[in-house]
Number of protein chains: 2
Amino acid sequence: MRKRKGAGRPTIADVANKAGVSTITVSRALRDPSMVSDHLRRKINNAVRKLNYVPHSHASALASTRSNIIGVIVPSLTNNVFAESLRAIYDAFGQGAFQVQLGNSRYVPAEEERLVRTFLGQRPSAMIVAGTDQTDVTRQLLENAECPVVQIMDVGDDPIDMIVGFSHFEGGKAAGLHLVQQGYKRIGFLGARMDPRSHRRLEGFKEALQFGGRYDPDLIMTTTLSSSVSLGAELIWQFCARRPDLDAVFCNNDDMALGALFGCQKAGLSVPDDIGIIGFNDLEMMAAAHPSLTSIRTDRYAIGRHAVEMIQSVLSGETPDKKIVDLGFELQVRQSTSRSASAKA
Amino acid sequence: MRKRKGAGRPTIADVANKAGVSTITVSRALRDPSMVSDHLRRKINNAVRKLNYVPHSHASALASTRSNIIGVIVPSLTNNVFAESLRAIYDAFGQGAFQVQLGNSRYVPAEEERLVRTFLGQRPSAMIVAGTDQTDVTRQLLENAECPVVQIMDVGDDPIDMIVGFSHFEGGKAAGLHLVQQGYKRIGFLGARMDPRSHRRLEGFKEALQFGGRYDPDLIMTTTLSSSVSLGAELIWQFCARRPDLDAVFCNNDDMALGALFGCQKAGLSVPDDIGIIGFNDLEMMAAAHPSLTSIRTDRYAIGRHAVEMIQSVLSGETPDKKIVDLGFELQVRQSTSRSASAKA
DNA sequence: TAACATTATGTTAGCGCTAACATCGCAAAC
DNA sequence: GTTTGCGATGTTAGCGCTAACATAATGTTA
């Protein structure tokens with residue numbers, strides 16, 4: 001009477017019984033059908049179907065000392081930028097044998113560290129983390145993890161393991177250069193949240209303006225508030241009030257840029273003639289806006305897909321072509337930075 | 001030499017050893033500290049810290065026949081509407097002993113069914129699924145699941161277990177009534193994706209227009225394409241070209257509404273005087289737009305939080321106050337449907 | 001045909017944890 | 001002083017699966 005009862009669900013032993021084979025054969029047939037003869041495989045598959053057997057992933061993870069979990073940690077769930085990469089990851093992994101486990105670090109490094117710890121406790125098959133700005137401890141944990149690790153949304157010389165993304169510095173620089181080239185004179189930066197990636201965009205922007213002889217530290221406005229369209233509208237107001245001579249602004253992301261557009265429109269300022277606006281990421285809405293908004297296009301979906309490909313290649317025993325992949329960006333010039341000739345005075 | 005080696009990580013036995021107690025005592029100390037004396041608890045906590053012990057969740061799940069996983073299935077990762085509820089769920093569960101496992105059904109019922117099956121295979125502590133439009137099989141699987149199940153983003157008389165959300169029918173009706181009350185005459189519906197929830201919004205809208213004597217089936221434009229700002233701009237174009245007399249439009253979500261605004265602006269139509277626009281959900285950008293956009297505000301974060309509270313209450317042995325919770329919505333009237341008196345001709 | 005590979009399948013012993021029962025120590029009750 | 005009750009701790013046997021070794025069945029070579 002000491003016996004414990006499981007959840008009553010059919011187990012691999014039930015399948016083995018029904019198919020008249022041993023449990024290990026069922027296990028093999030399910031994990032790698034090529035290890036089992038056609039004859040038995042058919043019988044096993046039938047039994048599986050009849051019993052409606054679903055493998056118990058925890059038991060499998062325990063026995064094999066590795067789980068089918070892919071741990072993914074992003075700093076935000078509502079930021080569309082990460083949502084796109086996530087979608088790619090789910091598209092690629094959602095179907096197969098892997099389970100994506102998602103963590104939200106909320107831009108807090110300590111939270112990220114906690115999540116990494118928890119996830120590694122599950123012995124994941126792979127880890128995907130956003131960015132390169134982990135704490136030392138987090139980095140060390142991931143370096144010691146016995147699984148492939150991909151950092152996404154950034155590039156750098158010294159990845160934990162593999163990395164795929166683009167250079168925020170170069171992106172910011174391209175935005176700054178574009179505004180200079182368009183003939184804008186007093187070019188500002190409007191940044192919310194100001195996570196490390198935004199900081200790198202700002203650094204690139206600064207370099208471009210210095211190069212163009214237009215750098216003015218008083219034209220940099222940042223906040224730690226999280227970015228939103230409303231905040232963009234609010235801040236461009238304040239910015240213009242303080243510096244009425246401002247004639248262009250690089251927003252650290254597209255929400256802020258759209259907000260800046262609305263803010264200017266409310267203030268009766270013409271975009272692009274009175275003020276030029278450029279955003280970052282090129283979310284879908286940027287092209288549809290009126291006037292359409294210039295932005296730095298990044299391919300977040302491709303980043304997610306690429307990360308998955310790198311992982312799959314490592315898990316199947318291959319060595320990935322490159323451990324550092326820069327997918328770049330593309331300046332999308334639109335109306336919001338295209339002044340009429342007369343305005344370029 | 002037959003021995004297998006684990007992953008080398010410290011186990012509960014190592015902790016027990018170091019603390020000079022049995023494994024079950026460690027297990028108890030970690031799961032319910034009140035079951036163990038202060039004295040031993042302190043020693044155990046020390047040992048845990050020194051060894052950097054992380055419990056092996058799979059082993060725990062196997063032994064206890066239930067996991068600490070909360071399965072969540074949503075139809076889209078990029079749709080901000082679900083992202084907000086997800087954020088609430090992660091905020092509430094992310095800290096504690098539970099692991100959120102997220103699935104993306106991509107609006108495909110069969111995919112949802114597959115995910116439910118997979119998730120239930122892990123014996124989750126609870127399940128959260130979006131909407132009420134599961135397949136019969138999915139519904140049955142969830143009804144038989146031995147865990148609390150919460151449907152979110154919708155309400156209905158006949159939940160699988162519990163449900164929290166709002167009525168899309170009533171929301172659509174409120175939108176329609178508002179446009180009628182504002183004096184618009186030829187009121188259209190613009191709907192993308194047209195998932196079941198959008199259909200219910202449309203039904204509510206129809207009822208309102210019929211009630212107001214303004215219903216015209218020719219003024220309903222829908223597509224199965226997924227909604228986006230660009231699509232909204234594109235479709236309002238087509239709509240106005242086909243029916244130049246259109247003077248108001250209810251968009252099935254805010255992205256479409258924002259797109260419609262941009263489309264009208266490009267076409268030189270004044271919003272709200274030539275065309276009134278109302279959206280659905282009231283995403284943050286709606287208030288910031290120029291002109292600001294009327295919408296039906298829903299509190300997605302509260303829905304997620306509420307779902308978690310219901311689950312926690314059931315898991316702690318209580319009976320939730322209500323199994324069906326309607327959090328309602330609120331009409332946010334803004335400029336896009338507020339015509340000047342002269343325009344109401 | 002013997003000797004040896006090469007599969008295909010089986011047996012056994014865990015993976016790390018917890019349920020179920022057993023025991024122990026100590027205070028209250030008789 | 002024995003009995004009873006109860007909370008704190010321990011012992012044992014799995015949870016459902018797979019690694020590692022064992023063995024049987026088949027093919028291959030000289």
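Just so we're clear, the structure is a prediction, and the values are computed from it rather than from any experiment.
The A:Ile24 side chain lies nearest to D:dA19 when the options are C:dC15, C:dC17, D:dA19. The nucleotide whose nearest atom lies closest to any side-chain atom of A:Leu62 is, among D:dG14, C:dA19, D:dG16, D:dG16. If you check D:dT18, C:dC15, C:dT18 against the side chain of B:Ile12, the one that comes closest is C:dT18.
Look at B:Asp91 and B:Arg305 and you find no salt bridge, because none of the NZ, NE, NH1 or NH2 atoms lies under 4.0 Å from a carboxylate O. Of the charged side-chain nitrogens involved, at least one lies within less than 4.0 Å of a carboxylate oxygen, so that B:Asp38 and B:Arg41 count as a salt-bridged pair.
Remark: A:Tyr53, A:Pro55, A:His56, A:Ala59, A:Ser60 in residues 53-60 of chain A come within less than 4.0 Å of DNA chain D through at least one heavy atom. The stretch residues 27-44 of chain A touches DNA chain C through A:Arg28, A:Val36, A:Ser37, A:Leu40, each having a heavy atom under 4.0 angstrom from the strand. Residues of residues 15-23 of chain B that place a heavy atom closer than 4.0 Å to DNA chain D, in numerical order, are B:Val21, B:Ser22.
The backbone N or O of A:Ile160 sits less than 3.5 Å from a side-chain atom of A:Gln151, completing a donor-acceptor pair. One N or O on the side chain of A:Thr118 and one on the backbone of A:Arg114 form a donor-acceptor pair closer than 3.5 Å. Checked by atom type and distance alone, the side chain of B:Ser27 never pairs as donor or acceptor with a backbone atom of B:Thr23 at under 3.5 Å. In this structure, the side chain of B:Thr319 does not engage the main chain of B:Val314 through any donor-acceptor pair within 3.5 Å.
Rounded to whole Å, the distance from CZ on B:Arg123 to P on D:dC17 is 8 Å. Rounded to a whole Å, the CZ atom of A:Arg9 is 15 Å from the P atom of D:dC15.
Side-chain contact between A:Met153 and A:Val74: absent, with no pair of heavy atoms (C-beta onward) separated by less than 4.5 Å. Residues B:Leu141 and B:Arg117 are in side-chain contact: their nearest non-hydrogen atoms beyond the backbone lie under 4.5 Å apart. Looking only at side-chain heavy atoms (C-beta outward), A:Val150 and A:Asp161 stay at 4.5 Å or farther from each other. Put simply, the side chain of A:Phe93 does not reach to within 4.5 Å of the side chain of A:Val72, judged on heavy atoms. Here the side chains of A:Val81 and A:Arg197 are not in contact, with every heavy-atom distance at 4.5 Å or above. Contact annotation: the side chain of A:Met162 approaches that of A:Pro148 to within less than 4.5 Å [non-hydrogen atoms, C-beta and beyond].
Sequence order on DNA chain D of the closest nucleotides to B:Thr25 and A:Val26 puts B:Thr25 first from the 5' end.
Below 30°, between 30° and 60°, or above 60°: for A:His58 and B:His58 the angle between ring planes is between 30° and 60°, a tilted geometry.
Within the structure, a side-chain polar atom (N or O) of B:Arg66 is placed less than 4.0 Å from OP1 or OP2 of C:dA19.
Counting only residues at least two apart or on different chains, no salt bridge (charged side-chain N to carboxylate O under 4.0 Å, His left out) pair has a member in residues 13-35 of chain A.
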Using atom names, set out every protein N or O paired with an N or O of nucleotides 5-7 of chain D below 3.5 Å, distance rounded to 0.1 Å.
none

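For the side chain to side chain donor-acceptor pair (under 3.5 Å) with A:Arg139, the qualifying choice from A:Asp158, A:Asp133, A:Thr132 is A:Asp158, the only one to do so.
Axis angle, first five pairs versus last five pairs of the helix from C:dT1-D:dA30 to C:dC30-D:dG1: 40°, rounded to 10°.
Of all non-hydrogen atoms in A:Phe119 and A:Gly103, the two that sit nearest each other are CZ-N, 3.7 Å.
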